Amino acid sequence: MKHTISVLLQNKPGVLSRVTGLFSGRGFNIESLSVAQTLEPDVSCLTLVTSGEDTIIEQITKQLHKLIDVIKVTDMCEHDNVEREMALIRVKAEAHTRAEVLRIVDIFRGKVIDVGPKSYVVELTGKASKLQAVIDILRPIGIQEIVRSGTIAMTRAPKS
Amino acid sequence: MKLTGAQAFLKCLEEHGVEVIFGYPGGALIDVYDELMKNDKIHHVLTRHEQAAVHAADAYGRIKGEVGVALVTSGPGATNAVTGIASAYMDSIPLVVFTGQVPTKLIGNDAFQEVDIVGITRPITKHNYLVKNAEELVPIIREAFHLAKTGRPGPVLVDLPKDVLATRIGYPELKPISMRTYKPTYEPHPGQIEKACKAMLKAKKPVIYAGGGVILSDSNEELTELARRLDIPVTMTLMGLGGFPGTDHLSMGMLGMHGTYFANMAVANCDLLIAVGARFDDRVTGRVDAFAPHAEIIHIDIDPSSISKNVRVDIPIVADCKHALDAINAWFGRSKDFNADDCMEKNRPWHEQIREWKNKHPLGYVEETDIIKPQFVIQKLNELTGGDAIITTEVGQHQMWTAQFYHFNKPRQFATSGGLGVMGYGFPAAIGAQMAAPDKVVIDIAGDGSIQMNIQELATCRQEKLPVKVAILNNGYLGMVRQWQELFYNKQYSSTVMEVAPDFVKVAEAYGAVGLRATKPSEVEPVIREALKINNTVFMDFVIAREEGVYPMVPAGKATTEMLLV
């Protein structure tokens with residue numbers, strides 16, 4: 001099963017390689033990864049998606065926690081949360097397909113952020129499943145290039 | 001007053017009570033060595049290889065119960081230290097290793113003797129640091145010592161660029177260390193203690209499985225109290241030997257691949273397994289699903305990631321072993337449900353069963369009159385040192401025979417490379433041990449293969465005038481691998497025959513040490529007696545039965561009940 005794990009880290013050189021080294025050294029899998037500064041400039045948030053049985057995920061979270069530079073590890077699957085990915089898609093946009101591409105982008109609440117004579121660059125955010133849906137629909141029109149970010153996630157506010 | 005980085009470095013070591021360091025100089029460290037010459041508080045032991053410096057520091061720390069310190073130069077000095085660091089990491093040994101580094105401006109330039117040692121040692125250290133500016137030097141060293149000795153101990157590496165050691169800095173005041181991200185759990189959860197105690201109260205076939213954590217946390221007395229009060233048989237891992245008296249009637253010796261028949265049978269049949277500071281290593285468990293299959297498992301460990309890593313645990317207790325055992329002993333001290341006589345009565349059939357197993361297959365070997373059996377040598381060493389020597393070993397058959405036939409009654413009496421299994425550990429470790437305990441008899445029990453991996457340390461022994469004794473069990477083979485080849489590879493002794501070997505007596509003599517040899521069983525005792533009398537480094541070359549095997553043996557991947565016996 002897929003798990004999104006959020007890790008708060010000291011923002012120091014070499015910290016990312018401690019995390020990725022742990023995954024490669026212990027044979028754990030990283031499907032996607034995203035890191036950036038948080039509100040505190042000396043703290044980074046790293047979000048990674050991994051998969052494995054519960055015992056593997058338990059080891060992953062424990063081993064992450066054991067790293068000296070790690071402040072907090074949260075398995076987002078144990079919480080109600082929102083997850084997003086971003087994709088930039090260069091899609092063919094010639095005279096007869098421009099309108100259709102725009103319509104599709106509009107339906108999925110994406111944006112065209114670069115316009116060329118024969119292509120658009122489309123910006124999309126959403127869950128992985130939504131991005132996949134857009135990619136599937138745009139593919140027959142002609143996708144030239146895709147760049148996707150890793151997943152980022154945040155827990156939802158408590159209900160009461 | 002401002003100090004250079006090198007001066008501040010030594011001052012900071014003094015602040016941590018460091019009296020002995022093991023090392024090897026080089027260009028990047030000249031500033032430190034220059035200051036060391038003027039320092040009369042810190043004694044530097046010049047080993048003849050950086051790997052030996054780290055092993056010696058490791059054993060010094062183990063025997064003394066302190067943090068060992070090694071100092072090696074940049075580049076090859078640092079890479080030579082890697083095996084020592086990895087071994088200390090696997091065995092959770094508190095150690096701080098300082099490496100020289102090229103000046104900060106040259107880092108990343110492929111400078112002469114530059115290597116990214118922080119990158120290389122990331123997976124084999126508890127933590128590591130590159131000191132980028134001199135102001136950080138002292139705080140980093142303090143953190144390094146703190147990390148090495150607290151929580152689950154381990155090696156910490158600090159990389160020291162040459163310019164940092166030459167820069168003048170103010171020496172920062174000592175402040176309590178507080179690390180936002182590092183707060184090991186020492187105190188056990190009272191609810192878990194209660195659960196564990198209740199499980200112990202009702203168990204009819206309990207076993208204590210004690211590991212290196214007992215020794216690291218100095219909780220041998222607490223463990224002994226628990227075992228004796230509840231009348232529970234104890235088995236130990238290689239790292240746990242000495243954590244419970246080996247000659248006690250409750251001791252079943254070591255378990256696992258070369259453990260005793262009765263210890264493995266007891267674990268396989270117990271209804272409660274109490275793991276204390278042990279990590280369910282594959283050499284202990286054999287086939288995991290057949291390990292203690294009928295038992296409820298209690299696991300005390302300070303490292304949460306050790307719990308349920310290999311074997312599912314029913315009652316985890318994340319805590320320092322000493323604190324947890326204290327809490328358990330206190331619980332039984334005040335429990336109204338506990339009665340010592342009832343407990344003995346309840347366990348009686350279990351002890352009878354274990355005695356039956358023990359009588360059926362005791363630890364033993366076939367004695368011979370004209371050929372020296374290695375087990376006999378170790379029994380004699382045990383006898384003639386009163387079981388009181390500090391023993392180190394290399395890795396292989398001799399290591400397992402030592403674990404089986406030397407009876408360790410005290411903690412911090414035995415140093416061996418358990419997890420990584422480093423041939424070449426024992427001799428430098430004996431140097432570290434002798435530095436830690438100058439008045440004790442220190443014996444490295446070695447094989448003819450492994451002694452050659454760090455044999456150059458004879459020079460260190462001589463320079464420091466250390467009366468270290470080395471017992472070489474010489475069978476002309478890399479015996480453990482040969483044993484596997486004999487049993488599982490049709491006796492194809494591929495590269496395990498030591499066709500050329502030095503004359504160990506002459507090698508010792510070439511260094512100004514003493515060499516003795518025994519080729520017959522009747523010569524064993526006189527050789528040991530003579531060696532123990534000599535106030536010099538002694539090599540004892542015991543020419544032993546060439547193809548003796550270590551038994552019992554659990555073939556890799558088999559259940560621990562599927563033992564090959566003598």
Side-chain angles (χ1 to χ4, degrees), chain A residues 1 3 5-30 33 35-48 50 52-75 77-78, chain B residues 86 89-90 92 104 107-108 116-133 136 140 143-144 146-148 150-159 177-185 279-280 288 299 301-313 316 318:
Chain A
M1 187 190 154
H3 285 249
I5 295 172
S6 169
V7 188
L8 286 182
L9 305 158
Q10 307 255 49
N11 189 359
K12 285 185 189 166
V15 176
L16 182 59
S17 72
R18 288 185 201 278
V19 173
T20 53
L22 178 108
F23 274 72
S24 59
R26 292 190 180 266
F28 305 143
N29 184 27
I30 299 181
L33 182 73
V35 204
Q37 211 179 66
T38 62
L39 267 180
E40 289 180 67
D42 56 350
V43 175
S44 296
C45 180
L46 178 152
T47 312
L48 61 86
T50 182
E53 291 170 21
D54 288 353
T55 50
I56 301 280
I57 301 297
E58 184 183 331
Q59 263 302 303
I60 290 176
T61 52
K62 283 174 169 177
Q63 293 290 349
L64 280 170
H65 203 79
K66 205 166 136 180
L67 295 175
I68 304 297
D69 288 327
V70 166
I71 301 166
K72 193 177 168 196
V73 182
T74 314
D75 182 349
C77 299
E78 292 169 4
Chain B
Y89 184 67
M90 290 286 268
S92 305
T104 43
I107 291 177
D116 174 16
I117 197 64
V118 168
I120 289 171
T121 58
R122 230 172 247 140
I124 52 165
T125 50
K126 183 168 171 183
H127 197 55
N128 59 18
Y129 298 87
L130 166 64
V131 183
K132 279 202 172 148
N133 68 68
E136 292 176 343
I140 283 177
E143 255 184 38
H146 177 69
L147 286 175
T150 55
R152 179 178 180 172
V156 179
L157 180 138
V158 183
D159 202 16
I177 290 180
S178 137
M179 295 176 70
R180 175 182 184 182
T181 61
Y182 176 75
K183 292 185 178 69
T185 308
R279 61 184 178 88
F280 297 83
V288 168
H299 188 186
D301 205 296
I302 199 162
D303 178 3
S305 74
S306 277
I307 287 170
S308 292
K309 184 171 74 175
N310 303 330
V311 171
R312 181 46 62 185
V313 167
V318 176

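None of these values were measured; they are calculated from a predicted model. By convention in this document, chain letters (A, B, ...) are assigned in the order of the sequence lines, proteins followed by strands, and residues within each chain are numbered from 1.
- Considering every non-hydrogen atom in both A:Q59 and B:S305, the closest pair reads NE2-O, 2.8 Å.
- A distance of 10.5 Å separates OH in B:Y182 from NZ in A:K66, rounded to the nearest 0.5 Å.
- Within the structure, no pair that satisfies the salt bridge (Lys or Arg N to Asp or Glu O under 4.0 Å) test touches residues 117-127 of chain B, not counting sequence neighbours.
- Residues A:D69 and B:H127 meet the side-chain proximity criterion, which asks for heavy atoms closer than 4.5 Å.
- The shortest distance between side-chain heavy atoms of B:P304 and A:H65 does not fall below 4.5 Å.
- Put simply, of B:R152, B:M179, B:K309, the one with the most heavy-atom pairs under 4.5 Å next to chain A is B:K309.
- Partners of A:S6 by side chain to side chain contact (heavy atoms under 4.5 Å, CB included), not counting sequence neighbours, listed by chain and number: A:C45, A:T74, A:M76.
- Under the rule for a side chain to side chain contact (heavy atoms under 4.5 Å, CB included), the partners of B:N133 that lie at least two apart in sequence or sit in another chain are B:E135, B:E136.
- Contacts between residues 11-18 of chain A and chain B, defined by a heavy-atom separation under 4.5 Å, are made by A:P13, A:G14, A:S17, A:R18.
- Counting all heavy atoms, side chain and backbone alike, B:R180 lies closest to A:V43 at NH1-CG2, 3.5 Å.
- Proximity to chain A (any heavy atom under 4.5 Å) is shown, for B:N128, by both the backbone and the side chain.
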Before you tell me yes or no, could you show the steps for A:I68 and B:T181 under side-chain contact (heavy atoms from CB on, under 4.5 Å), namely the whole-Å CA-CA distance, both residues' side-chain angles and the distance that decides it to 0.1 Å? CA-CA 6 Å; A:I68 304 297; B:T181 61; 4.2 Å; yes
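- Within a 6.0 Å sphere centred on NZ of B:K132, heavy atoms belonging to other residues, nucleotides or ligands number 12 at most.
- Interface residue B:L147: only side-chain heavy atoms are found under 4.5 Å from chain A.
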